[in-house]
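In what follows, chains are A, B, ... by sequence order, proteins preceding strands, each numbered from 1.
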2 protein chains.
Amino acid sequence: MVDLLRDLRLAIAMHSRLDLAFAALADPTRREILSMLLEDDMAVTDVAEPFEMSLAAISKHLTILTRAGLITQEKRGRVKWCKLEPDAMREASVWMQGFGQFEPVNLDAFEAYLAELGLATDR
Amino acid sequence: MVDLLRDLRLAIAMHSRLDLAFAALADPTRREILSMLLEDDMAVTDVAEPFEMSLAAISKHLTILTRAGLITQEKRGRVKWCKLEPDAMREASVWMQGFGQFEPVNLDAFEAYLAELGLATDR
DNA sequence: CAAAAGGTCAACCATTTGGTTGAATATGGC
DNA sequence: GCCATATTCAACCAAATGGTTGACCTTTTG
């Protein structure tokens, strides 16, 4: 009975974590931000720079990414640094891989994909 | 120049396709439906049966999954069959795998994960 | 100390989302 | 032909989302 409740809680928690991750990934601005952070950690202002929306909007996006566990933010002085947290994507990735065995993807393919995106990610 | 436009269109299309896929995956009901379809193709009514929401609501969820390309629907007689389309998840999976090399996930792990979900997916 | 820089907060707004209900549109069975 | 079954459509609703602006707080710099 206790186990049942624990499993239920776990299931609910799992659901909501996947909810947060996928919902965070559903927005192109946020995916773009993640791509940027792939290259290096960045300050909030620098993350915002290439976008045409307000700093406040980007700040919100970063909060959503943080709550989803996809990035972490650490304040040093007056600057808040954003850091990619690739582990958080693993859970979602595991969930997805249950649907057909995708052959392990090599980085080359991913880079080719990024290159193909071109304008959108080329920075 | 033509190539530039083509790439731009491609980038936009790519974005929206990923948007649709991730947004579709962000809802627990829809993920649950995908899990169900993992076992077998199902009619809309049968998909709706375990859920506590209206048939119309499930019908909408199925439309969203279809537009995201995650399932296909084929009408035979008065019954509309829903079929998992695992390939559609590959693109999103590829995108995600760019963020850290996840070791190839074995099915056992996924089944263990499903088992752990227990109540939510045990049918 | 005063001013500038880095971020967030709060209030607001339009749009989208996820659900409902009741009517409508096939299709199948008797 | 008629009724039940399978599914969608349309109108509606509450809540969430993604954006804005202006005020605010904190830290650095001159």
Side-chain angles (χ1 to χ4, degrees), chain A residues 12 15-37 40-84 120, chain B residues 12 15-37 40-84 120:
Chain A
I12 291 169
H15 269 308
S16 63
R17 270 199 291 163
L18 281 178
D19 286 358
L20 290 177
F22 283 126
L25 292 171
D27 185 277
T29 301
R30 289 193 291 263
R31 288 201 306 279
E32 179 71 12
I33 291 174
L34 292 175
S35 293
M36 291 164 61
L37 292 177
D40 208 352
D41 299 356
M42 296 178 81
V44 173
T45 307
D46 295 334
V47 170
E49 195 273 325
F51 295 97
E52 283 180 355
M53 66 186 73
S54 69
L55 183 61
I58 295 294
S59 177
K60 281 190 189 181
H61 280 305
L62 291 170
T63 302
I64 290 170
L65 288 169
T66 301
R67 278 207 242 280
L70 294 168
I71 68 171
T72 52
Q73 292 183 283
E74 184 196 354
K75 194 166 180 179
R76 283 203 295 274
R78 64 180 164 180
V79 174
K80 204 163 182 182
W81 292 92
C82 306
K83 179 174 163 40
L84 196 61
Chain B
I12 290 168
H15 269 306
S16 63
R17 270 198 291 161
L18 281 178
D19 286 358
L20 290 177
F22 282 127
L25 292 171
D27 184 278
T29 300
R30 289 191 291 263
R31 290 201 306 279
E32 179 72 13
I33 290 173
L34 292 175
S35 294
M36 291 164 60
L37 292 177
D40 208 353
D41 298 357
M42 295 178 80
V44 174
T45 307
D46 295 334
V47 170
E49 195 272 326
F51 295 97
E52 283 180 354
M53 65 185 73
S54 70
L55 184 62
I58 295 296
S59 178
K60 281 192 190 179
H61 281 304
L62 291 170
T63 302
I64 290 170
L65 288 169
T66 301
R67 278 208 243 278
L70 295 168
I71 67 171
T72 51
Q73 293 183 284
E74 184 197 352
K75 194 165 179 178
R76 283 204 294 275
R78 62 182 165 180
V79 174
K80 205 163 180 180
W81 292 93
C82 306
K83 179 173 163 38
L84 197 61

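In this structure, B:D27 atom CG and C:dG19 atom C1' are separated by 11 Å, rounded to whole Å. Computed from coordinates, the B:F51 CZ to C:dG18 C1' distance equals 14 Å when rounded to whole Å. Counting to the nearest Å, the C1' atom of C:dG6 and the CG atom of A:L62 are 13 Å from each other. Rounded to whole Å, the distance from CE on A:M42 to P on C:dG7 is 11 Å. Remark: P of D:dG19 and CD1 of A:I58 are 8 Å apart, rounded to the nearest angstrom. In this structure, CD of A:E52 is placed 16 Å from C1' of D:dG18, rounded to the nearest angstrom. Here C:dT20 presents its C1' atom at 12 Å from NE2 of B:H61, a figure rounded to the nearest Å. What separates CZ of B:R67 from C1' of C:dG18 is a distance of 14 Å, to the nearest Å.
Among C:dT8, C:dT20, D:dT7, the nucleotide with an atom closest to any side-chain atom of A:V44 is C:dT8. Taking the side chain of B:K80 as heavy atoms from C-beta on, and the options D:dG19, D:dT7, D:dG18, the nearest nucleotide is D:dT7. Taking every side-chain heavy atom of B:R30 into account, C:dG18 is the closest of D:dG18, D:dT8, C:dG18. Here the side chain of A:A43 is nearest to one of D:dG18, C:dG7, D:dT8, namely C:dG7. Distances were taken from every side-chain heavy atom of A:M53 (C-beta onward) to each of C:dG18, C:dT20, D:dG19; the shortest belongs to D:dG19. For B:S54, taking side-chain heavy atoms from C-beta onward, the closest of the listed nucleotides C:dT21, C:dT8, C:dG7 is C:dT21.
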Walk me through it: do B:T45 and B:I58 pass the test side chain to side chain contact (heavy atoms under 4.5 Å, CB included)? CA-CA 9 Å; B:T45 307; B:I58 295 296; over 6 Å; no
Do A:R31 and B:F22 pass the side chain to side chain contact (heavy atoms under 4.5 Å, CB included) test, and can you show the C-alpha distance, the side-chain angles, and the key distance before you say yes or no? CA-CA 11 Å; A:R31 288 201 306 279; B:F22 282 127; 3.9 Å; yes
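The base of C:dA5 sits within donor-acceptor range of the side chain of A:R78, with an N or O pair under 3.5 Å. For C:dG19, its base sits under 3.5 Å from the side chain of B:K60 at one donor and acceptor pair at least.
Residues B:I64 and B:A56 both approach DNA chain C. Their nearest nucleotides, taken by heavy-atom distance, put B:I64 toward the 5′ side. Between A:A23 and A:R76, the one whose closest nucleotide on DNA chain D sits nearer the 5' end is A:A23.
Among the candidates B:L84, B:V47, B:I71, B:I33, the single residue satisfying the side chain to side chain contact (heavy atoms under 4.5 Å, CB included) test with B:M42 is B:V47.
Checked by atom type and distance alone, the side chain of A:S16 never pairs as donor or acceptor with a backbone atom of A:D19 at under 3.5 Å. The backbone N or O of A:A24 lies less than 3.5 Å from a partner atom in the side chain of A:R30, making a donor-acceptor pair.
Phosphate proximity of C:dG7 to A:S59: absent, as no side-chain N or O sits under 4.0 Å from OP1 or OP2.
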